[in-house]
Amino acid sequence: MILNASMFLPILPEILLVALGAVVLILDLVLPKKQHRNIGWVTAAGMGVILLLSIPARPETEPSLVWGGMLRHDWLGFSFTMLFIFGAGITALFAMDFKKLGHRGEFYLLMIVSTIGMALMVSAADLVMLYLAIETTAIPLYILAGFFIRDDKSTEAGFKYFLFGAMTSAIMLYGFSLLFGFAGTTNIYQIAQSVREGGLPAGALIGSMLLVLVGFSFKIAGVPFHFWSPDVYEGSPTPVAGFLSTASKAAGFVVLLRFMMVVFPDITLQWGAVITAMSVATMTLGNLLALTQKNIKRMLAYSSIAHAGYALIGVAVISQVGVSSMVYYLIVYLVTNLAAFGIVASCGRITGSDEMTAYYGMSRRSPWLALALLVALLSLAGMPPLGGFVAKFFVFAAAVDANMIWLAVIGVLNAIIGMYYYLTVLKYVYLYRSEDEEKPLLVTRPQKLAITVLTVGIILIGTVLVPWFNWATTAAASVF
Amino acid sequence: MIPISYYLIFAAALFCIGLFGVLARRNAIAILMGIELMLNAVNVNLISFWRYATPEKINGQVFAVIVFAVAAAEVAVGLAIFISVYRRRGTVSADEIDLLKW
């Protein structure tokens, strides 16, 4: 294999991320302790620069396998890589003013490494690469979840996340090893073909599909592998929880989608049924359990489980419309949930509590922050004209399009339940009074910047539909 | 030559023992050992498939090497997390680490 410059173009974002990681490490070493907070600015600005510099690395309309078939250079992978880089930059801004988080260089490094893992995960076209990428994503996240080593809840979050993550990834890996055995190849774009030629019984294929699905449903926090997520989100530092619930989950979705569509085209009936059941269970359980939560991070955790259920509809219907609706849903979800967790992080930093009672009368303490929370929660609830409404609309339309009207009906019913608990939080924020009303909630500059960007993003995705939808459609078309 | 099914049945048994250990044990170190058994089962699978099905290609071997390299990294991080929990609570029993629950 002869190396030339054009081979490096498809992995340009990853290379730039590695470079940024090196810069962060060096800065951590040379900057005086007091200046460490500024590494956050460097990370966020670096992510912005990477977004711009990656434009020449965008794929052709015709997808291609690169690096000996390890990666697939297509719009799906590229779009999500860009989204993860955006998400990591925003998370860096939110985390900057947490003394024990954003004032430590290793936090930024771990987040960057995890982002590299996600970027490789969404474009992996080989079992070896896929496994390596999933672990590159997960291992730094285990550390990030347990980052506050002097905090009981945070260490516990890291502990639980690690144990469940390691177990499910081992089960998934067993599925990979069986698939490798059945097909004699590790390239996921050749497995389906060789399995068909080998004349394997469908049962063996279904078995390995279920094993692999365990690992993926852990990543997306789908029922019945969701139980880790409320504990981990509550315990881990809030900016990290935001990153976990958006970027890591979206990466899991893309892998799930690509793997199911490409590796198991012969048993779509079976995996379609499994995913449909999972989708219904995930959204219903997530919404019902969210109703009773007293802690806003746990509430958002259950709500993000419910959102995984909605997005799964897009996979379950097995059509191109479904895939583009899922991609659109994930774009909206990533921006909206980052905003919600970011606002919770900004409040929690000052009030020191994530209980619902801390949000009483927030609109009087900080009207702008309350307004941003209003936008984020209404978008999560699916109110027009915000992004969440359009996303839900497309997903349900895809279900109707595929003659699964009952699935759309369940989705709509769930959206109504969801409306209740989002509005409850807004009731606390706008109608309740608290004794601390005189004390304003001071939001720091980087947090202001991040919240503004995200809020504008939510409104833009909901009102200016065409470019986003075209983007989602292009990304979805490249799977097939 | 020993038929491949012997190896596969052995790997499946090893995997089940590991999974049982993960689900039944309460001590985090024991759970980690169960996970290691599962990963070893995967490696037995990979190597026997490689040897019997595609000995001329290198994929299976590379996959196995990567699996245990990653497993080592995972264990290193896992043990570090266990230590940080142990320092706070004085235990790594999964039963007693239950601050977060609904």
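Heavy-atom basis, side chains included; hydrogens, waters and symmetry copies ignored. Because the structure is a prediction, the values reported are computed rather than measured.
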Residue pair I97(B) / K160(A): nearest heavy atoms and the distance that separates them:
O-CE, 3.8 Å
Taking all heavy atoms of F180(A) and all of W50(B), pick out the closest pair and write down the distance.
CE2-N, 4.1 Å
Closest non-hydrogen contact found for K57(B) with G184(A) is NZ-O, 3.2 Å
A quick test of your reading: do over 12 heavy atoms of other residues, nucleotides or ligands sit less than 6.0 Å from CG of L210(A)?
yes
Is F82(B) close to L163(A) at the side-chain level, that is, under 4.5 Å between some pair of heavy atoms?
yes
Note: I81(B) and T155(A) closest approach over all heavy atoms is CG2-O, 4.4 Å
CZ-CG distance between F15(B) and L211(A), expressed to the nearest 0.5 angstrom
6.0 Å
Please classify the contact of R87(B) with chain A as side chain, backbone, both or neither, using a heavy-atom distance under 4.5 Å.
neither
More than 12 foreign heavy atoms under 6.0 Å from CE of M356(A): is that the case here?
yes
Structural part of I31(B) lying under 4.5 Å from a heavy atom of chain A
side chain
Comparing D151(A), I171(A), N187(A), L132(A) against chain B, the one with the most heavy-atom pairs below 4.5 Å turns out to be I171(A)
Give me the atom names and distance for the closest heavy-atom approach of F162(A) to E74(B).
CE1-O, 3.4 Å
Side chain, backbone, both or neither of F63(B) within contact of chain A (heavy atoms, under 4.5 Å)
both
Under 4.5 Å from any heavy atom of chain B - which part of S169(A):
side chain
Examine whether an atom of Y131(A) lies under 4.5 Å from a heavy atom of chain B, and if so say whether it belongs to the side chain, the backbone or both; otherwise answer neither.
side chain
Y174(A) portion near chain B, given a 4.5 angstrom heavy-atom threshold:
both
Is the count of non-hydrogen atoms from other residues, nucleotides or ligands lying under 6.0 Å from R25(B) atom CZ greater than 12?
no
Could you look at A12(B) and say if it's the side chain, the backbone, both or neither that has a heavy atom under 4.5 Å from chain A?
both
Begin from the C-alpha positions of V128(A) and N59(B) and carry the test side chain to side chain contact (heavy atoms under 4.5 Å, CB included) through to its verdict.
CA-CA 8 Å; V128(A) 181; N59(B) 295 21; 5.8 Å; no
Grab the two heavy atoms, one from A170(A) and one from V42(B), that are nearest each other, plus how far apart they are.
O-CG2, 4.2 Å
To the nearest 0.5 Å, what is the distance between CG on L32(B) and CE on M167(A)?
13.0 Å
Return the CG to CG distance between L46(B) and L178(A), rounded to the nearest 0.5 Å.
9.0 Å
With a 4.0 Å cut-off, would you call R88(B) and E156(A) a salt bridge?
no
Chain A heavy atoms under 4.5 Å from A69(B): which part of the residue, side chain, backbone, both or neither?
neither
Engaged part of L23(B) at the chain A interface, taking heavy atoms whose separation is under 4.5 Å
side chain
